[in-house]
Amino acid sequence: MGSRFHSGALKALRQKTSDMNTLVSIGALSAYLYSALATFFPSVFTGAGVHLHVYYDGAAFIVSFIVLGRLLEARTKGKTSQAIKRLVGLKPRTARVIRGGQPADIPVEEVLRGDEILVRPGEKIPTDGVVLTGASAVDESMLTGESMPVAKEAGSDVYGATINRSGSFTFRATKIGAETALAQIIRLVEEAQGSKAPIQRIADRVAAVFVPTVMAIAAVTFVVWAFFVPDPVLARALLNFVSVLIIACPCAMGLATPTAVMVGTGIGAEKGILIKGGESLEKAHRLTMVVFDKTGTLTVGEPRVTDVETAPGATREDVLRAAAAVEALSEHPLAAAIVEKAKSEGIGTGPVEGFEALSGLGARALVDGTAVLLGNRKLIEQEGVRLDGLGQTGDRLSGEAKTCVFVAREGKAAGVIALADVPKDTAAETVATLKGMGLKVGLITGDNEGTARAMGRALGIDRVLAEVLPGGKAEEIGHLKAQGEVVAMVGDGINDAPALSAADIGIAIGAGTDVAIEASDITLIRDDLRAVPEAIRLSFRTMKAIRQNLFWAFIYNVIGIPVAAGVLYPFFGVLLNPVYAAAAMALSSVSVVTNSLRLRWS
């Protein structure tokens with residue numbers, strides 16, 4: 001079991017350096033070889049008047065403790081390569097291509113640039129292209145993260161793996177295979193994950209200096225006791241030489257980091273915070289800025305009715321009843337929000353006749369025998385309905401980054417219903433807490449500038465980056481890092497995966513997609529943004545415990561090595577028996593484990 005450390009020490013020696021492997025190898029070999037010498041050639045020591053003692057157990061424990069520490073640490077790490085598999089799984093398998101005037105389903109790999117492709121409601125769009133005929137609303141949340149479906153008509157761009165929600169259309173394939181937006185996201189995640197170099201361990205950095213120092217002290221000890229003391233005895237020189245090496249045993253050092261990491265990650269799991277190992281903790285405590293995705297992260301991720309404004313002579317109940325009756329037959333996501341609002345207020349709906357969906361505009365129907373027209377401003381104006389004061393109301397609501405649905409009855413404007421993706425209850429509190437911790441807070445989204453700015457103002461976020469696509473999100477994170485910021489990215493969607501990987505720390509909302517979770521360093525198992533500052537505080541406490549552990553791991557060396565070398569002998573006649581070295585080693589290990597467990601009560 002110890003061979004890995006000895007081979008690692010040899011590799012380090014060939015490179016003229018030393019690391020943790022060197023410490024383990026020296027400690028284990030010193031204890032074992034000394035014990036073997038005492039077992040088979042006891043006269044070497046009895047002749048020097050030394051009481052015999054063997055340290056086979058010490059040699060075994062040195063290796064066992066370090067391997068145990070590495071096992072504990074390895075078990076905390078996630079398998080981020082699963083993120084790539086999740087992304088690949090989003091690709092549609094087939095495409096309905098029109099060739100020779102007839103549609104035929106073929107594998108998506110056989111689609112050629114320039115092919116005309118038919119997409120029906122509910123189907124995934126097989127590749128990137130431009131709409132030729134028809135109109136629809138497409139759910140592009142996997143790409144942009146935005147919950148509002150995007151209206152598509154002739155000339156509009158569409159993207160592979162997005163979902164056609166309503167209406168059929170044909171489009172011409174312009175990008176295939178590795179050129180598609182989804183393929184670019186996959187490539188960005190691969191590059192970002194691959195660019196993360198392993199963090200150099202504190203123990204290794206210390207070992208690079210500590211090991212040569214110990215070896216030098218041991219060598220000097222041997223030379224002094226062999227040649228420069230009165231009545232030099234080779235056995236005594238050898239014993240003191242070995243005592244120095246044994247007392248430098250790195251058992252506690254091997255436990256210093258993984259025990260604290262295990263306790264820290266365990267505490268995090270209890271609080272709904274999944275931390276993927278010590279590297280994430282080490283980076284999290286150095287953060288200077290936290291950047292949030294908007295939709296689904298800071299917001300609830302789906303439209304909600306925020307305002308119902310009425311025209312003179314109409315009531316709020318009348319407007320909601322008419323709108324909910326028509327929208328109950330519609331497939332549009334905004335329709336569900338309006339119907340839910342009417343239900344929540346106990347407003348019932350009457351019989352509906354002659355329902356007609358107007359793709360990209362709205363719908364019309366007879367409700368209780370009354371003609372109701374419902375849709376966007378373009379539809380209302382096309383039908384010759386005068387808005388009067390509702391026009392200004394609509395402009396105001398649109399300026400607040402809200403989507404407006406106008407309601408007309410019998411050719412007269414009755415009201416306007418505003419919908420928006422509202423902030424989560426804990427969003428403002430979380431932003432304020434992070435600012436109170438001295439961190440900068442930013443917002444990044446694929447949504448339009450007006451919506452993003454309005455959300456930023458509502459939550460107290462000054463740094464707002466809007467209309468940023470997935471590739472751009474990773475680039476923006478890179479720019480912030482180039483400016484010297486240590487950045488955490490908080491997101492929940494597939495579109496966030498490249499940015500989560502590119503950030504120093506990726507924090508995924510557990511209610512989000514598997515891809516975002518796999519690409520992140522920290523996952524919030526519960527959908528509670530307050531866990532973000534909790535995770536950062538936990539990293540501070542854990543890193544403090546690790547530093548304290550390393551202190552206890554080395555302090556007995558600092559005290560014990562000079563004593564083992566015999567510096568007290570000329571003054572007090574004291575030499576350190578290796579038995580006490582072993583006791584100090586055990587005490588150091590116990591102190592490290594105890595200090596790590598203290599995290600639970602701090």
Visitor: Is any side-chain heavy atom of Thr299 less than 4.5 Å from a side-chain heavy atom of Lys424?
Guide: no
Visitor: Any chance CD of Glu410 has more than 12 other-residue heavy atoms, nucleotides or ligands included, within less than 6.0 Å?
Guide: yes
Visitor: With a 3.5 Å cut-off and no angle check, do the side chains of Thr180 and Thr127 form a donor-acceptor pair?
Guide: no
Visitor: Taking it one step at a time, do Val130 and Phe171 satisfy side-chain contact (heavy atoms from CB on, under 4.5 Å)?
Guide: CA-CA 5 Å; Val130 177; Phe171 74 97; 5.9 Å; no
Visitor: Could you walk me through whether Leu387 and Thr393 pass the side-chain contact (heavy atoms from CB on, under 4.5 Å) check?
Guide: CA-CA 10 Å; Leu387 291 174; Thr393 301; over 6 Å; no
Visitor: Kindly indicate whether the side chain of Asp115, heavy atoms from C-beta on, has any atom under 4.5 Å from the side chain of Glu110.
Guide: no
Visitor: Does some side-chain heavy atom of Val291 sit less than 4.5 Å from a side-chain heavy atom of Leu443?
Guide: no
Visitor: What I want to find out is whether Arg396 reaches Glu309 closely enough, with some N-O distance under 4.0 Å, to be called a salt bridge.
Guide: yes
Visitor: Is a donor on one side and an acceptor on the other found under 3.5 Å between the side chain of Thr94 and the backbone of Pro107?
Guide: no
Visitor: State which residues pass salt bridge (charged side-chain N to carboxylate O under 4.0 Å, His left out) with Arg172; sequence neighbours excluded, sorted by chain then number.
Guide: none
Visitor: Please report the shortest heavy-atom distance between Tyr159 and Thr162, naming the atom on each side.
Guide: O-OG1, 2.5 Å
Visitor: Decide, yes or no, whether a salt bridge links Arg321 with Asp368 under the criterion of side-chain N to carboxylate O below 4.0 Å.
Guide: no
Visitor: With no hydrogens and no angle check, is any side-chain donor or acceptor of Lys473 less than 3.5 Å from a backbone partner on Asp293?
Guide: no
Visitor: For a 4.5 angstrom cut-off between non-hydrogen side-chain atoms, does Val441 reach Met289?
Guide: no
Visitor: CZ of Arg386: more than 12 outside heavy atoms within 6.0 angstrom?
Guide: no
Visitor: Under a 4.0 Å threshold between the charged nitrogen and the carboxylate oxygen, would Lys283 count as salt-bridged to Asp504?
Guide: no
Visitor: Do Val407 and Ile417 come close enough that some side-chain heavy atom pair is under 4.5 Å?
Guide: yes
Visitor: Only one of Thr297, Leu480, Leu465, Val464 clears side-chain contact (heavy atoms from CB on, under 4.5 Å) with Ile444; which?
Guide: Leu465
Visitor: So for atom NZ, which belongs to Lys481, do other residues, nucleotides or ligands contribute more than 12 heavy atoms lying within a distance under 6.0 Å?
Guide: yes
Visitor: Are Glu340 and Lys343 close enough for a salt bridge, meaning some N to O gap below 4.0 Å?
Guide: no
Visitor: Is a salt bridge present between Glu381 and Arg377, judged by a nitrogen-to-oxygen distance below 4.0 Å?
Guide: yes
Visitor: Please list, chain by chain and in numerical order, all residues satisfying salt bridge (charged side-chain N to carboxylate O under 4.0 Å, His left out) with Asp157, sequence neighbours excluded.
Guide: none
Visitor: Mark yes when over 12 heavy atoms from residues, nucleotides or ligands other than Lys175 sit less than 6.0 Å from its NZ; otherwise mark no.
Guide: no
Visitor: Looking at Arg316 and Glu345, does any basic side-chain N land under 4.0 Å from a carboxylate oxygen?
Guide: yes
Visitor: The test is salt bridge (charged side-chain N to carboxylate O under 4.0 Å, His left out); show your working for Glu116 and Arg99 and say whether it passes.
Guide: CA-CA 8 Å; Glu116 185 177 343; Arg99 291 178 180 171; over 6 Å; no
Visitor: Give the minimum heavy-atom separation between Val111 and Ala173, together with the two atoms involved.
Guide: CG1-CB, 4.2 Å
Visitor: Quick check on Asp395: does its CG atom have over 12 non-hydrogen neighbours (other residues, nucleotides or ligands) under 6.0 Å away?
Guide: yes
Visitor: To the closest 0.5 Å, what do you measure between CD (Glu302) and CZ (Arg304)?
Guide: 5.0 Å
Visitor: Kindly indicate whether the side chain of Val532, heavy atoms from C-beta on, has any atom under 4.5 Å from the side chain of Leu524.
Guide: yes
Visitor: Kindly compute the distance separating OG1 (Thr306) from CG (Asp421), expressed to the nearest 0.5 Å.
Guide: 11.0 Å
Visitor: Are any non-hydrogen side-chain atoms of Arg409 and Leu373 less than 4.5 angstrom apart?
Guide: no
